[in-house]
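Okay, structure first, notes after.
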Number of protein chains: 2
Amino acid sequence: MPSSDVIEPIARALSIMSAMNQHRLSTISDLHRATGLPKPTVHRILATLISCGYVGKDIDRSVYMLTEQVLSLSSGYGKEAWLLQVGTPVARRITREVKWPVAIGILDYNTIVVQYSTRPYSEFVMQGSTVNKRFNLFSTAMGQAYLGFCEETQLQNILQALRDQEVQEDCILESDSKIKRYIAAVQDRGYGLRVGNRGESTHMAIPIKSDHQIIGVIGLSIFSSCFNDKVAKEYLALLRKSAGEIVDSMDKMMALAEHSAT
Amino acid sequence: MPSSDVIEPIARALSIMSAMNQHRLSTISDLHRATGLPKPTVHRILATLISCGYVGKDIDRSVYMLTEQVLSLSSGYGKEAWLLQVGTPVARRITREVKWPVAIGILDYNTIVVQYSTRPYSEFVMQGSTVNKRFNLFSTAMGQAYLGFCEETQLQNILQALRDQEVQEDCILESDSKIKRYIAAVQDRGYGLRVGNRGESTHMAIPIKSDHQIIGVIGLSIFSSCFNDKVAKEYLALLRKSAGEIVDSMDKMMALAEHSAT
DNA sequence: AAAAGCGTTCCATATTGCGAAACATTTTTT
DNA sequence: AAAAAATGTTTCGCAATATGGAACGCTTTT
């Protein structure tokens with residue numbers, strides 16, 4: 001009675017791999033018992049997994065184990081994935097509420113990479129999707145949200161890395177005092193801000209902090225002509241509330257997962 | 001021309017998941033391009049993975065991402081898995097060379113758990129397999145190999161944990177000085193040793209240390225009647241050489257994996 | 001307005017995975 | 001030592017099912 005449209009061999013292979021992850025070494029009979037699959041089937045699935053490199057077999061004996069290649073299925077899975085899983089619905093909710101597009105980004109090397117954007121949902125037409133686009137740390141709202149509120153050591157690391165890179169885009173880097181003033185301004189304001197010209201858009205962003213660490217930034221875009229102190233205050237509060245919700249949900253989910261991961 | 005006996009749907013699903021692990025969010029077209037699979041096929045595989053809980057889908061848009069459940073395929077994969085992957089062939093080689101069975105164990109809570117044993121390969125018949133059996137830290141050769149050569153803080157942690165457990169098996173715990181003498185004796189000897197009576201077997205074991213940390217222990221069993229100082233010296237050298245090889249191979253492989261895991 | 005791209009559904013077809021049964025080998029029991 | 005039980009592996013005829021071209025509806029781009 002498997003719900004239709006499910007490719008059975010795949011479901012079976014995954015259950016085998018999941019079972020193999022419970023113990024370091026497995027025999028065919030172990031897996032037969034653990035999954036309820038007929039032994040010839042287990043055998044054939046293992047042959048497939050071996051051929052694909054995810055399973056290794058003891059040469060002489062019939063003992064199987066997962067290889068390090070299983071990490072290629074999950075190594076990208078970390079805090080950022082949690083952030084997205086929890087963050088995307090929140091971002092969509094904000095856009096439903098205030099119409100303006102919302103984006104979630106993370107730090108990658110020395111830029112902010114947009115991971116998710118509700119731009120397509122927004123009724124206000126703006127230029128195409130920004131997903132996977134990289135944004136400069138200086139001069140963008142999301143970048144400011146990171147630089148202005150990360151820990152001092154992290155800041156120094158980033159600045160050093162920026163100085164080391166060959167192409168110098170930010171002339172601000174030439175003066176330490178300029179940097180300090182720039183960052184202090186962001187901190188005083190309480191959020192990242194990049195005001196666009198008339199006809200362009202203006203962006204505001206804040207960090208998403210968990211455990212004193214910035215795990216990502218969340219930003220909102222708005223037509224420059226619609227931007228003023230009043231809406232800034234309103235949307236800032238909304239972003240802060242949302243960031244808080246994201247962190248709370250993440251903590252809960254991660255605690256849950258930790259617990260159920262035997 | 002896929003090498004026969006490989007279940008295609010499984011191989012395809014794995015390639016999809018592997019591709020999804022590269023970017024946080026994927027569209028069907030992304031995966032279609034990345035894997036070369038027809039779009040209806042990608043669609044069907046994703047439906048399967050969603051049904052199995054390994055993939056989540058953005059409600060409104062068609063954006064897919066791996067869920068935390070992918071960790072259930074690999075969370076058990078750590079240093080110990082590397083140890084086994086590298087260690088098992090070494091263990092077999094020793095047994096081929098000297099005939100006696102060799103076992104590899106790791107610390108789990110407050111016991112040593114045998115992960116692999118070449119007992120079935122040994123021409124000397126001994127009692128059944130010891131895989132997944134737990135061995136006391138005191139009074140066994142493998143346990144001594146751990147206690148005698150782990151770091152002081154680790155030792156204290158273990159002792160505390162042993163004292164805390166309800167059933168007190170090791171009366172040696174009652175006296176700190178007894179413990180100290182016991183451990184000092186192991187250290188002086190240079191390896192864990194449990195001498196059996198005539199007709200029984202004798203066991204010797206040493207730690208496998210990488211980066212000042214004990215990642216496992218390796219031990220050799222021998223008929224008590226065959227054990228004497230001369231063979232002890234010989235086998236100890238063999239075990240030490242082998243442990244060194246294991247650590248070297250592990251370091252190499254892990255460095256390699258680190259590098260190729262983009 | 002047209003064209004290109006995307007996600008999704010359909011469906012006839014042959015492919016392909018299936019697992020009972022038989023066989024080989026090892027381990028345990030008698 | 002023999003018998004019995006358990007485990008790993010191979011075979012094979014058949015039915016189940018995964019397949020992907022084509023078509024559809026939709027959005028985005030030209």
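Only this structure's heavy atoms are used, side chains among them; waters, hydrogens and symmetry mates stay out. Every chain is numbered from 1, with letters handed out A, B, ... down the list of sequences. All values reported here derive from a predicted model rather than from experimental measurement.
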Reading nucleotides 5-10 of chain D from 5' to 3' and marking B where a protein heavy atom lies under 4.0 Å of the base, S where only the sugar-phosphate is that close, and - otherwise, the string is --BSSB
Length of the line joining [X]:[atom1] and [N]:[atom2], which is rounded to integer Å:
X	N	atom1	atom2	result
Leu31(B)	dG7(C)	CG	C1'	13 Å
Asp5(B)	dT15(C)	CG	P	17 Å
Ile10(B)	dT19(D)	CD1	C1'	16 Å
Glu8(A)	dT19(D)	CD	P	13 Å
Arg119(B)	dT26(C)	CZ	P	19 Å
Ile16(A)	dC18(C)	CD1	P	11 Å
Ile45(B)	dT17(D)	CD1	C1'	14 Å
Ile7(B)	dG19(C)	CD1	C1'	12 Å

Using the side-chain contact (heavy atoms from CB on, under 4.5 Å) criterion, which residues pair with [X]? Sequence neighbours excluded.
X	result
Asn228(B)	Lys230(B), Val231(B)
Ile50(B)	Val55(B), Lys57(B), Tyr64(B)
Val86(B)	Ile246(B), Ser249(B), Met250(B), Met253(B)
Ala81(A)	Tyr77(A)

What residue among Thr88(A), Val90(A), Thr95(A), Ile94(A) forms side-chain contact (heavy atoms from CB on, under 4.5 Å) with Arg92(A)?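 The option that passes is Thr88(A).
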Please tell me if the side chains of Cys52(A) and Gln69(A) come closer than 4.5 Å, counting only heavy atoms from C-beta onward.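 No, their side chains stay 4.5 Å or more apart.
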Compute the angle between the rotation axes at the two ends of the helix from dA1(C)-dT30(D) to dT30(C)-dA1(D), each taken over five pairs, rounded to 10 degrees.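 What I find for the helix from dA1(C)-dT30(D) to dT30(C)-dA1(D) is an axis angle of 40°.
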So, does Thr41(A) get its side chain near the phosphate of dC18(C), meaning an N or O under 4.0 Å from OP1 or OP2?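 Answer is no, no contact under 4.0 Å.
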Look at the side-chain N and O atoms of Arg44(A) and state whether any lies under 4.0 Å from the OP1 or OP2 oxygen of dC18(C).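 Arg44(A) to dC18(C) OP1/OP2: side-chain N or O found under 4.0 Å.
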With sequence neighbours left out, write down each residue that passes side-chain hydrogen bond (donor to acceptor under 3.5 Å, both in side chains) with Ser224(A), or none if nothing qualifies.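 Expected list: Thr202(A).
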Polar side-chain contact Arg12(A)-dG17(C) base: donor and acceptor under 3.5 Å: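 Between dG17(C) and Arg12(A), which were checked side chain against base, a qualifying N/O pair under 3.5 Å is absent.
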With salt bridge (charged side-chain N to carboxylate O under 4.0 Å, His left out) as the rule and sequence neighbours excluded, what pairs involving residues 98-109 of chain A come up?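 Pairs touching residues 98-109 of chain A that pass the test: Lys99(A)-Glu123(A), Asp108(A)-Arg134(A).
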Where at least one partner belongs to residues 22-32 of chain A, residue pairs that pass salt bridge (charged side-chain N to carboxylate O under 4.0 Å, His left out), sequence neighbours excluded: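 Those involving residues 22-32 of chain A are Arg24(A)-Glu80(B), Asp30(A)-Arg33(A).
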